[in-house]
Amino acid sequence: MTDEIVPSDIPTPRMLSWARNSAIYRLERRMMTEKQLFDAITRKAREKFEDISAGQIKAVADFAVKFAYDNKVLDDSAFAEISTRSAVRGGKSKRAIAQKLTAKGVSGDRVEAALEQADDLYAAAIFARKRAFGPFRRVEFDDKRKAKELSAFARNGFSFEIGKKVFDMSFEEAEEVILSGRL
């Protein structure tokens, strides 16, 4: 008979209490997706508890996520909608927003639903204003500058058509798009 201790997959009450408090602490400071909370609790549990098993880590993280859902402080759909509105107001394209939300663990159907309200033309006009491109240009215009500006639109996820459309607008037209598209 050996005295070897086999780690249990059942977390201790102390671990569960820590997971609850850690979830509260994180979600009080910023919105998170389910995946972000799960990953954060998993990472910190490894640091906090020396002899914690893989099963206990998963159980603790699952407990924290369930606690957050039960208390209605975790909602991937709301996270996606709020992040999308903010990103569009910041001049981000639908493609860039979708990539970021997917990387944060938001499911494809929730990303799609959040992007329904997004307007790439409005976002591209904001982007142009922030970068002083197209109708907001303050410097002399030449072919090199045109290529630079259009490629910046493409690198930021806007289609060539959207970039060209904003590029060809007058200052007044661009301001009108921005004013009419406020979220």
What distance do [X] atom [atom1] and [Y] atom [atom2] have between them, rounded to the nearest 0.5 Å?
{"X": "Ser83", "Y": "Leu101", "atom1": "OG", "atom2": "CG", "answer": "5.5 Å"}
{"X": "Ile57", "Y": "Ile52", "atom1": "CD1", "atom2": "CD1", "answer": "5.0 Å"}
{"X": "Phe79", "Y": "Leu74", "atom1": "CZ", "atom2": "CG", "answer": "10.0 Å"}

Any heavy-atom pair between the side chains of [Y] and [X] that's under 4.5 Å?
{"X": "Lys100", "Y": "Arg95", "answer": "no"}
{"X": "Ile162", "Y": "Phe153", "answer": "no"}
{"X": "Arg26", "Y": "Lys44", "answer": "yes"}
{"X": "Lys94", "Y": "Ile97", "answer": "no"}

- [ ] Determine whether the aromatic ring centres of Phe171 and Phe136 lie less than 6.0 Å apart.
- [x] yes

Open item on the list: If you apply the rule side chain to side chain contact (heavy atoms under 4.5 Å, CB included), what do you find for Asp9 with Ser53, and how did you get there?
Closed with: CA-CA 7 Å; Asp9 286 347; Ser53 70; 3.5 Å; yes

TODO: Begin with the C-alpha distance, continue with both residues' side-chain angles, and end with the deciding distance and a verdict on salt bridge (Lys or Arg N to Asp or Glu O under 4.0 Å) for Asp39 and Lys35.
DONE: CA-CA 6 Å; Asp39 291 348; Lys35 179 184 182 301; 2.9 Å; yes

Open item on the list: Determine whether Tyr69 and Glu34 satisfy the following criterion, side chain to side chain contact (heavy atoms under 4.5 Å, CB included), listing intermediate values before the conclusion.
Closed with: CA-CA 9 Å; Tyr69 271 120; Glu34 179 180 329; 2.8 Å; yes

TODO: Please write out which residues are connected to Tyr25 in a hydrophobic cluster, directly or through intermediates, given that two of Ile, Leu, Val, Met, Phe, Trp, Tyr count as joined at side-chain heavy-atom separations below 4.5 angstrom.
DONE: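 Via sub-4.5 Å side-chain contacts, Tyr25 links to none.
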
Open item on the list: Whether the Arg46 and Thr42 side chains hold a donor-acceptor pair (N or O, under 3.5 Å, no angle test) is what I'd like checked.
Closed with: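 Note: Arg46 and Thr42 side chains miss the donor-acceptor criterion.
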
- [ ] Classify the angle between the aromatic ring planes of Phe158 and Phe127 as parallel (below 30°), tilted (30 to 60°) or perpendicular (above 60°).
- [x]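 Ring orientation of Phe158 relative to Phe127: tilted.
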
Neighbour count above 12 (heavy atom, 6.0 Å) for [X] [atom1]:
{"X": "Lys165", "atom1": "NZ", "result": "no"}
{"X": "Arg14", "atom1": "CZ", "result": "no"}
{"X": "Asp70", "atom1": "CG", "result": "yes"}
{"X": "Glu173", "atom1": "CD", "result": "yes"}

Keeping the roles fixed (side chain from [X], backbone from [Y]), state whether a donor-acceptor pair exists under 3.5 Å.
{"X": "Thr102", "Y": "Ala98", "result": "yes"}
{"X": "Lys130", "Y": "Gly90", "result": "yes"}
{"X": "Glu81", "Y": "Ala78", "result": "no"}
{"X": "Asp120", "Y": "Ser93", "result": "no"}
{"X": "Thr84", "Y": "Leu115", "result": "no"}

Open item on the list: Name the residue from Pro11, Ser17, Pro13 that meets the side-chain contact (heavy atoms from CB on, under 4.5 Å) definition with Met15.
Closed with: Pro11

TODO: Please say which of Lys146, Arg131, Glu149 ends up in a side-chain contact (heavy atoms from CB on, under 4.5 Å) with Arg137.
DONE: Glu149

Please table the atom pairs, donor to acceptor, closer than 3.5 Å between any side-chain atom in residues 103-111 and protein atoms at least two apart or in another chain.
unit_1 : atom_1 : unit_2 : atom_2 : d
Ser107 : OG     : Asp109 : OD1    : 2.6
Arg110 : NE     : Ser77  : OG     : 3.1

Open item on the list: What verdict does the side chain to side chain contact (heavy atoms under 4.5 Å, CB included) test give for Asp62 and Phe38, after you've listed the backbone C-alpha separation in whole Å, the side-chain angles of each residue and the deciding distance to 0.1 Å?
Closed with: CA-CA 7 Å; Asp62 286 339; Phe38 186 92; 3.1 Å; yes

- [ ] Determine the minimum heavy-atom distance between Tyr122 and Ile178, stating which atoms define it.
- [x] CE1-O, 3.2 Å

Task: Smallest separation among heavy atoms of Phe63 and Leu16, with atom names - done: CE2-O, 3.2 Å

Task: Residues Glu161, Lys164: salt bridge by 4.0 Å N-O rule - done: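 Looking at Glu161 and Lys164, the cut-off is not met.
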
Open item on the list: Between Trp18 and Val60, does the side chain to side chain contact (heavy atoms under 4.5 Å, CB included) criterion hold? Intermediate values first, please.
Closed with: CA-CA 9 Å; Trp18 171 84; Val60 164; 3.9 Å; yes

